[in-house]
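Okay, so here's the structure we're looking at.
None of these values were measured; they are calculated from a predicted model. Within every chain, numbering begins at 1; the chains are lettered A, B, ... in the order of the sequence lines, protein sequences first and strands thereafter.
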There are 6 protein chains.
Amino acid sequence: MAIELDTGLPSVRQIQTVIREEKEVEMKLVTGDLLTGKVRWQDHHCICVLDQYDQPVIVWRQAIVYVKPKA
Amino acid sequence: MAIELDTGLPSVRQIQTVIREEKEVEMKLVTGDLLTGKVRWQDHHCICVLDQYDQPVIVWRQAIVYVKPKA
Amino acid sequence: MAIELDTGLPSVRQIQTVIREEKEVEMKLVTGDLLTGKVRWQDHHCICVLDQYDQPVIVWRQAIVYVKPKA
Amino acid sequence: MAIELDTGLPSVRQIQTVIREEKEVEMKLVTGDLLTGKVRWQDHHCICVLDQYDQPVIVWRQAIVYVKPKA
Amino acid sequence: MAIELDTGLPSVRQIQTVIREEKEVEMKLVTGDLLTGKVRWQDHHCICVLDQYDQPVIVWRQAIVYVKPKA
Amino acid sequence: MAIELDTGLPSVRQIQTVIREEKEVEMKLVTGDLLTGKVRWQDHHCICVLDQYDQPVIVWRQAIVYVKPKA
């Protein structure tokens, strides 16, 4: 059985909204890299971003600094 | 059901106060970035800051170094 | 008894697919290093990548930033 | 109900002593920053330092490298 | 009673093999340092490497990025 | 009641030995700093090192990369 994400949490819901509305986001990573693209899915460990070359990038949550709407 | 934040803890309460009073804060991140703005909400995983461009920045707690009143 | 990975999670399944299909990936690490190769196995703590010199590199999950298809 | 800090642990007790005796400390952070001031309170997630400008700085525990008496 | 490592996990077993066969490894650390030597023991928190000066270096697991055979 | 360290683990025992025998160690930190001195005590969260100026430095475990005998 899969561990469910707690959809009662604002952070989980807002990422779900961003997925559904296919909004572009900027995701800052602990390495300082800035990833730009659309969020495809999230689970307990990772968030997947489709980057500007349409490549799925599976990002580990512990490496995420922030997510914001693309400027 | 949502995991509740422990509002008995000083750190949780002080962030709640900052949200309610709409005070500007400086948030230092592990990347060395300094984020300035008003805190909108907090949950178990994240704290959301409205930056100087009025963009909501969802910051993961593990990436936060400190929060202090804006100088 | 071994702790099983939750194969109901998209992130676990996608890494399993990458292993089975022997696709080349790029794995970014917290040090900024970029590891290129085929994923051999994953468990609770680590993901093993066979690098371009055919050396098995055991990477700790906490050190992974992202995994994406090789460009 | 608030999660209590384990006051039987030396590290928790020593921080409590530093708070009570209002000693100045140096706190090194993962970003390399050195924070100087008096410790005000601690809880499960954070330690609050009053810096040299009398500003309360809420520092997340995961970002603390060390605490020592001010040189 | 000691917390046992899960020897059913590939990562734990492979480190055990490296210990038994006294193979030289390269261990990359989060600071970017590369440690070369033989692995002596592992437990829940640490892995001990005998470096090129025959000094036992107790490395905390959270600081390990990867382990691979010495090139 | 204090959370006890698991003294059955090699890493915990070796630090206890270093404390009892008052050996000088080098402790590498995630910031890249190298701390030299004698280990005074350890608990669940921290290890305390008496540095070369006889100052007690309380180091958080998550910030430790390695400990080795002083060269």
Nearest 0.5 Å, what's the [atom1]-[atom2] distance between [X] and [Y]?
X: I15(F); Y: H45(E); atom1: CD1; atom2: NE2; answer: 11.0 Å
X: Q14(F); Y: C46(E); atom1: CD; atom2: SG; answer: 9.0 Å
X: Y66(F); Y: Q55(E); atom1: OH; atom2: CD; answer: 11.0 Å
X: R13(F); Y: D43(E); atom1: CZ; atom2: CG; answer: 8.5 Å
X: R61(E); Y: S11(F); atom1: CZ; atom2: OG; answer: 9.5 Å

**Study point:** Full working for side-chain contact (heavy atoms from CB on, under 4.5 Å) between V65(F) and V30(E)
**Key:** CA-CA 8 Å; V65(F) 176; V30(E) 289; 4.2 Å; yes
Need one label for E26(F): side chain, backbone, both or neither, based on atoms under 4.5 Å from any heavy atom in chain E.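 It is neither, since no heavy atom gets under 4.5 Å.
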Under 4.5 Å between any side-chain heavy atoms of P56(E) and P69(F), yes or no?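 A side-chain contact under 4.5 Å exists here.
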Determine yes or no for a side-chain-to-main-chain donor-acceptor pair under 3.5 angstrom, with Q62(F) supplying the side chain and Q62(E) the backbone.
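No, Q62(F) side chain to Q62(E) backbone: no donor-acceptor pair under 3.5 Å.
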>> Run the side-chain contact (heavy atoms from CB on, under 4.5 Å) test on K28(F) and W60(E) for me, step by step, so that the C-alpha distance in whole Å, both residues' side-chain angles and the decisive distance to 0.1 Å come before the verdict.
In response: CA-CA 10 Å; K28(F) 181 91 175 208; W60(E) 265 257; over 6 Å; no
Check your understanding: If you count the non-hydrogen atoms of other residues, nucleotides and ligands that lie under 6.0 Å from CD in Q52(F), is the total more than 12?
Key ->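 Count over threshold, so yes.
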